[in-house]
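In listed order, ligands and their atoms are each counted from 1.
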Amino acid sequence: MTKTLREVSDLAAAGLVAESELAKLAVVAEKYSIAISPHLQGLLQHEGIRRQFVPDVAELISSKNELTDPIGDQTHSPIKGLIHRYPDRCLLQPVTMCPVYCRFCFRRETVGQGSAALTAHELNACYEYIQQHPEIWEVILSGGDPLILKPKQLQQIITNLDQIKHVEIIRFHTRIPTVDPHRVNLDLIKVLTQRRPIYVVLHINHPAEFSPAALDAINMLADNGIVLLGQSVLLKGVNDNIETLSQLFRAMVKYRIKPYYLHHVDLAAGTSHFRTTIARGQELMTQLRGTYSGLCQPQYVLDIPGGAGKSPIGPNYLTSQQSGYQIANFNGKEHFYEE
Ligand SMILES: *Cc1c(COP(=O)(O)O)cnc(C)c1O
Ligand code: SF4
């Protein structure tokens with residue numbers, strides 16, 4: 001197991017998919033990229049990991065509300081590689097490749113397809129756009145997975161962004177530390193520590209992702225003073241029960257990653273087998289709040305289809321009354337609060 005699995009035939013040879021499903025999986029593979037890194041291949045005995053990365057014939061089922069651009073990236077993309085939806089921050093996507101392809105990816109129609117990286121010319125156009133928008137305080141490098149770029153290329157991007165005075169914060173969204181941890185090396189650390197602050201948001205969905213190699217990568221980032229946050233997707237059959245979810249957030253906190261967002265799974269095509277109801281998500285959030293440390297509480301959010309942005313959709317504890325408020329506490333007892 002030394003190479004990334006990319007073809008259905010590779011998956012069959014590794015005994016990961018049934019012979020009887022090969023024809024249908026070939027259709028899946030034509031629509032959506034497949035990649036399972038050597039590191040993850042060693043963790044596939046965990047159902048919660050296997051399900052995230054091994055393609056499933058259920059991906060051919062499109063349910064009625066699913067969309068090719070579920071969170072409306074295109075409606076807010078003024079130029080190629082840049083999405084500017086909120087006033088004070090924008091996403092820069094220097095690359096649309098990932099070391100692995102998640103079966104529920106919200107950008108599954110664009111990642112792993114076509115030309116992978118922005119050209120120097122396209123990147124310059126992005127810098128120019130950011131320069132011309134002084135309201136942009138933060139640039140979020142996303143993708144694809146930006147940490148798949150060579151440290152030298154990342155260095156160049158950071159240097160260019162640093163020349164734009166109003167950009168104070170640089171943030172990376174990545175899955176690499178847990179799915180391809182050997183990419184986190186001293187060259188990368190050097191790039192990520194050359195300017196402060198840099199925030200790194202790690203996409204982690206299951207506690208079994210904290211393998212020894214992943215922990216080495218995470219510790220290397222944290223030991224070098226990089227602020228780490230966690231984002232997770234609520235996925236049916238992966239983490240939609242309180243035991244797994246609490247283990248996931250406790251592991252994050254233990255390894256110095258503050259849980260930031262729990263995403264309701266987006267309406268990407270062929271992902272209905274991963275979708276829980278929002279009511280179920282709220283129930284899990286109530287259980288989390290009822291028992292676990294405040295440090296273990298992410299915000300449960302929905303990216304509104306069409307491009308309207310993210311909104312919190314967690315349980316509501318407060319109801320307005322005539323002379324004040326009724327408020328529930330962590331264990332569900334109602335209290336009256338008068339202003
Ligand atoms: C999610 C997202 C962000 C980041 O939002 P935060 O709430 O600041 O984490 C920024 N831009 C776009 C287009 C996004 O989808
Ligand atoms: S790492 Fe992110 S962008 Fe890449 S496939 Fe997974 S969800 Fe999609």
Pair Phe210 and Tyr255, ring centroids less than 6.0 Å apart: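 So the answer is yes for these two rings.
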
Between Phe106 and His263, is the ring centroid distance below 6.0 Å?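 For Phe106 and His263, the ring centres are not under 6.0 Å apart.
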
What part of [X], side chain, backbone, both or neither, has a heavy atom within less than 4.0 angstrom of ligand 1?
X: Asp73; result: neither
X: Glu138; result: neither
X: Arg171; result: side chain
X: Arg89; result: side chain

Does the residue His76 have a heavy-atom contact with ligand 1, meaning some pair of atoms that are separated by less than 4.0 Å?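 Distance cut 4.0 Å: His76 fails for ligand 1.
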
To check your reading of the model: name the closest protein heavy atom to [atom], its residue, and the distance in Å.
atom: atom 8 (Fe) of ligand 2; answer: Cys105 SG, 2.3 Å
atom: atom 6 (Fe) of ligand 2; answer: Cys102 SG, 2.3 Å
atom: atom 2 (Fe) of ligand 2; answer: His203 ND1, 4.1 Å

When Glu209 is tested against each of His203, His46, Gln52 for side chain to side chain donor-acceptor pair (under 3.5 Å), which residue passes?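 Exactly one pass, corresponding to Gln52.
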
If you define the side chain from C-beta out and look only at heavy atoms, does anything of Leu235 sit under 4.5 Å from Val265?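 A side-chain contact under 4.5 Å exists here.
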
Enumerate the atoms of ligand 1 whose separation from the nearest heavy atom of Arg85 is less than 4.0 angstrom.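 Once the distances to Arg85 are compared, the set is 12 (C), 13 (C), 14 (C), 15 (O).
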
Applying the side-chain contact (heavy atoms from CB on, under 4.5 Å) criterion to Tyr300, which one of Leu288, Leu284, Ile278 satisfies it?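 It is Ile278; the other options fail the test.
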
Dump the intermediate steps for side chain to side chain contact (heavy atoms under 4.5 Å, CB included) on His76 and Tyr86, then the final yes or no. CA-CA 9 Å; His76 295 279; Tyr86 306 108; over 6 Å; no

Decide if atom CZ of Arg289 counts as having more than 12 heavy atoms of other residues, nucleotides or ligands within a radius under 6.0 Å.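 No.
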
Taking backbone and side chain together, does Cys98 place any N/O/S atom at a distance below 2.8 Å from atom 4 (Fe) of ligand 2?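 Checking Cys98: at least one N, O or S atom is under 2.8 Å.
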
